[in-house]
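Within every chain, numbering begins at 1; the chains are lettered A, B, ... in the order of the sequence lines, protein sequences first and strands thereafter. Predicted model, so just to flag it, every value in this text is computed and none were measured. FYI, side chains are in, hydrogens and waters are out, and symmetry mates aren't considered; it's all heavy atoms of this structure.
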Number of protein chains: 4
Amino acid sequence: MTASADKINYSKAKSDKYHRILEAAIKVFAEQGFFHSTVSQIAKEAGVADGTIYLYFKNKDDILLQFFNYKTKQVFSQFREAVNRADNAKDKLRNLIRCHLREFQRDRNMAVVFQAEARQGRQFEKYIKELSKMYLDLIGEVVEMGQEEGAMRKELYLSLVKRFILGAVDEVINTWVSAGGSYDLVSMADPLVELFLRGIGSNGSRTV
Amino acid sequence: MTASADKINYSKAKSDKYHRILEAAIKVFAEQGFFHSTVSQIAKEAGVADGTIYLYFKNKDDILLQFFNYKTKQVFSQFREAVNRADNAKDKLRNLIRCHLREFQRDRNMAVVFQAEARQGRQFEKYIKELSKMYLDLIGEVVEMGQEEGAMRKELYLSLVKRFILGAVDEVINTWVSAGGSYDLVSMADPLVELFLRGIGSNGSRTV
Amino acid sequence: MTASADKINYSKAKSDKYHRILEAAIKVFAEQGFFHSTVSQIAKEAGVADGTIYLYFKNKDDILLQFFNYKTKQVFSQFREAVNRADNAKDKLRNLIRCHLREFQRDRNMAVVFQAEARQGRQFEKYIKELSKMYLDLIGEVVEMGQEEGAMRKELYLSLVKRFILGAVDEVINTWVSAGGSYDLVSMADPLVELFLRGIGSNGSRTV
Amino acid sequence: MTASADKINYSKAKSDKYHRILEAAIKVFAEQGFFHSTVSQIAKEAGVADGTIYLYFKNKDDILLQFFNYKTKQVFSQFREAVNRADNAKDKLRNLIRCHLREFQRDRNMAVVFQAEARQGRQFEKYIKELSKMYLDLIGEVVEMGQEEGAMRKELYLSLVKRFILGAVDEVINTWVSAGGSYDLVSMADPLVELFLRGIGSNGSRTV
DNA sequence: CATGAATGAGGTTTCATTCAT
DNA sequence: GATGAATGAAACCTCATTCAT
């Protein structure tokens, strides 16, 4: 007797309140962390009664789950578009990373929650892994195209390259989040892409 | 600084029980996450009474704090040694990363807790930042030496490079943790270092 | 008497919806028990909105109260008729018990609710006692008539006899309800009446 | 991961507090009914903190369950003894019923809870049925012995007889409970047994 | 030092009831 | 009359922490 989907208003074109609660929750989660946030705080921030939350979400966990779902879809279509807008691999990579940084800069609460809660495993593991995979696949496509174009090295260890890129971008965002979002994140994109492409070694260096 | 030194036995060269509890806690945190772990579980795992925990730790948070302190110091001296063991920048970098991966592979519980709980901000933020800073500084030193040696590009945006390296290593560890530690993590070190040094672009590529 | 007549439509010859809700409620109560039933479930079963219930009933308790009132009146007139249809005490008793079992068999939901919720005391105590009294009085009349007719022993402890009969019938119904109504309840009537009249002792037995 | 038997102190020879809580709970249940009773009320009545309840009982339901278990065992051994103390069926029956009434009179809270909550089905159904069965079996034994002795009629419909007796006794207790326990319940035993044995019909009556 | 029973604040969640539409 | 989204009181239960032994 799970009291879920049939009781909860997921349809209704994501009614006004659904989004109000979701945004409020993300704000509170960003400020306090998921575990230290209380449903009451979220309700107050959203300007609704505690019980109202449960008309739109199955439970507290479900709020975070819905967020991953909702923001993810939204952000991912942006990523995809950004990649499509360019016609060579390097520009695709640059566009992807610019877009990534731009979107996270645009909504810092989202960024904080993504960066902080996504590493928690347990209940959200499945979602996070899926999310991560989508991103890695996107990078994978771009790199493979780059290899075909001759713009990227053929002998790359692809699955490592993907993590190498995601990890670096992630850390750049983390740092920005930790710093309170006090500087322009997007401006990191181009230098970062250069590092990806050229590495840090001096020209023609033999490394192994 | 911490208002507890008088009650809690931090001296005594870290008695047997102190470490037993700490290791037990890390095991439990790794399995359940910090918030879902209970003091009782830790006590049971350590084979002591619940109350005993409070003879060695101020409270639940303090356990995690002590862990960051304890493991950090231990691991950091290893990192420092690894760097010192080489006499050129590239080898220092390679040694650092090998050591990092080796240590995290050696103690997977530690790895899980580090990777998961360190991103939570709030109560542990200060510690984590400090930790992160130590690592970044170490990388910074190596890179600067590399620039002097001529082994690394002079025009690098140093603070970005540091995050670029930390982030990538971190993500490689995360992936390994998510996969249940099922493959050899250390073998990622050399390919990773190559990516840092040469990037993913084909030789002589102009990137901007 | 009830402080609500002005708000609630008790007049109007019990509109269609009133009965729909009442029957729905009894069904739900029978399935889940009064306390575990929610007003929403009742509304859904009745095919009306939650709020509509409050146009016909003062509150959740009132639904059960109205049920006791409504079914009681209805069933009691049947009992009275059954008794009247016979012209000697033994047949009256037999008719009463047959009727009782028949009516409860006819509407198992009613039976379940009657048997289960009537023993709860507290809020419904008054109603239940009244109900019980009506039944006991009916039995009393029959037995007294039997005594006058010479068909029943003169020295009976009347108030005990009444409970003795009611209790036995009740338990027979309980058992049938517990068994899921899987056998014919009415067929218990005649053997039961024989037990009332002859007891279980062998003929001519001296019992004290 | 049901947090039950391993966490809860069922051993310890039913420690002092276990019984204090149980008796307090029964008192509160008797006064308010199970559903209207709150854990806080029980805790206050027992003179312990709310949380303490959960050291001894898995949850609120478990309190009632434990009660059925505990009192049942206790009371049933009394019933069995009472039956054994006589050496003919009629006396066994009389002893059983006297004992039943005596025990319920002795502890009115128990009586109230037994009579009221035992009819609720749902969560406690299994227990109640078991309980009921034990009692019915005991009666069954006695009646069968009576038949062998020639003290009871051979042609009896045994399963009906059992319910007939249990029901009547039950109702006598209910009435006494409803009346606030204001009269002597045990004095009902002998007249009741006479009704069982001789019925209410006049001597030699043909009933069918 | 060590214990673990006891505490009680505080969180999540349910659901009877209301009221603007 | 009818609706059903919204309310918020109140219940159950957990668990970090204390303290008498």
Side-chain angles (χ1 to χ4, degrees), chain A residues 3 7-9 12 15-18 21 35-44 46-63, chain B residues 7 9 12 15-17 35-44 47-63, chain C residues 7 9 12 15 17 35-44 47-63, chain D residues 3 7-9 12 15-18 35-44 46-63:
Chain A
K7 286 184 63 182
I8 294 175
N9 183 359
K12 293 242 339 184
S15 83
D16 176 40
K17 242 159 215 169
Y18 174 86
I21 293 170
F35 285 100
H36 281 131
S37 302
T38 71
V39 171
S40 279
Q41 286 174 320
I42 296 169
K44 186 186 255 189
V48 299
D50 292 20
T52 304
I53 305 254
Y54 292 87
L55 297 176
Y56 296 90
F57 300 89
K58 209 173 7 164
N59 51 41
K60 193 184 159 193
D61 280 14
D62 192 40
I63 303 177
Chain B
K7 290 181 60 183
N9 181 359
K12 286 231 1 172
S15 86
D16 174 43
K17 249 166 206 169
F35 284 98
H36 282 131
S37 302
T38 70
V39 172
S40 273
Q41 286 174 320
I42 296 168
K44 185 186 250 186
V48 300
D50 293 18
T52 303
I53 302 233
Y54 291 86
L55 298 175
Y56 296 89
F57 299 89
K58 204 175 12 159
N59 52 38
K60 191 184 163 193
D61 280 15
D62 192 41
I63 304 177
Chain C
K7 291 180 59 181
N9 182 0
K12 289 235 355 178
S15 85
K17 250 165 204 170
F35 283 100
H36 283 130
S37 302
T38 71
V39 172
S40 275
Q41 286 174 319
I42 297 168
K44 186 188 248 189
V48 300
D50 292 20
T52 304
I53 303 235
Y54 292 85
L55 298 175
Y56 296 91
F57 300 89
K58 205 175 12 161
N59 52 39
K60 191 185 163 193
D61 280 15
D62 192 40
I63 304 177
Chain D
K7 287 183 62 179
I8 293 175
N9 183 0
K12 293 233 352 175
S15 82
D16 176 39
K17 244 161 212 169
Y18 175 85
F35 285 100
H36 280 132
S37 302
T38 71
V39 171
S40 278
Q41 286 174 321
I42 296 168
K44 185 187 258 189
V48 300
D50 291 21
T52 303
I53 305 255
Y54 293 88
L55 297 176
Y56 296 90
F57 300 89
K58 209 178 2 168
N59 51 39
K60 192 185 161 193
D61 279 15
D62 192 41
I63 303 177

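Here D:Val39 pairs with D:Ile53, D:Tyr54, D:Lys60 under the side-chain contact (heavy atoms from CB on, under 4.5 Å) rule; sequence neighbours left out.
With rounding to whole Å, B:Asn59 atom CG is found 9 Å from F:dT18 atom P. Per the geometry, NE2 belonging to C:His36 stands 11 Å off P belonging to E:dA16, to the nearest Å. In this structure, CD of C:Gln41 is placed 15 Å from P of E:dT17, rounded to the nearest angstrom. Note: CG (C:Asp62) to P (E:dA16) measures 14 Å, nearest angstrom. We find that NZ of B:Lys44 is positioned 15 Å from P of E:dT3, with the value rounded to whole Å. Atom-to-atom, OH of D:Tyr18 to P of E:dA6 comes out at 15 Å; the value is rounded to the nearest Å. Between the OH atom of B:Tyr54 and the P atom of F:dA20 there is a distance of 18 Å, given to the nearest Å. Rounded to whole Å, atom C1' of E:dT13 lies 13 Å from atom CD1 of A:Ile42.
Closest approach of B:Gln41 to B:His36, counting heavy atoms only: OE1-O, 3.7 Å. Residues A:Lys58 and A:Asp62 share a closest heavy-atom pair of N-OD2, 3.0 Å.
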Seminar exercise, completed: Taking Watson-Crick and G-U wobble contacts under 3.5 angstrom, with | marking pairs to another strand and [ ] crossing pairs, the secondary structure of DNA chain E is written .||||||||||||||||||||

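Remark: A:Tyr56 is in phosphate contact with F:dA6, judged by side-chain N or O atoms under 4.0 Å from OP1 or OP2.
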Protein and nucleotides 7-11 of chain E: nitrogen or oxygen contacts under 3.5 angstrom:
from	atom 1	to	atom 2	distance (Å)
E:dT7	OP2	D:Ala49	N	3.0
E:dT7	OP2	D:Thr52	OG1	2.3
E:dG8	N7	D:Gly51	N	3.3

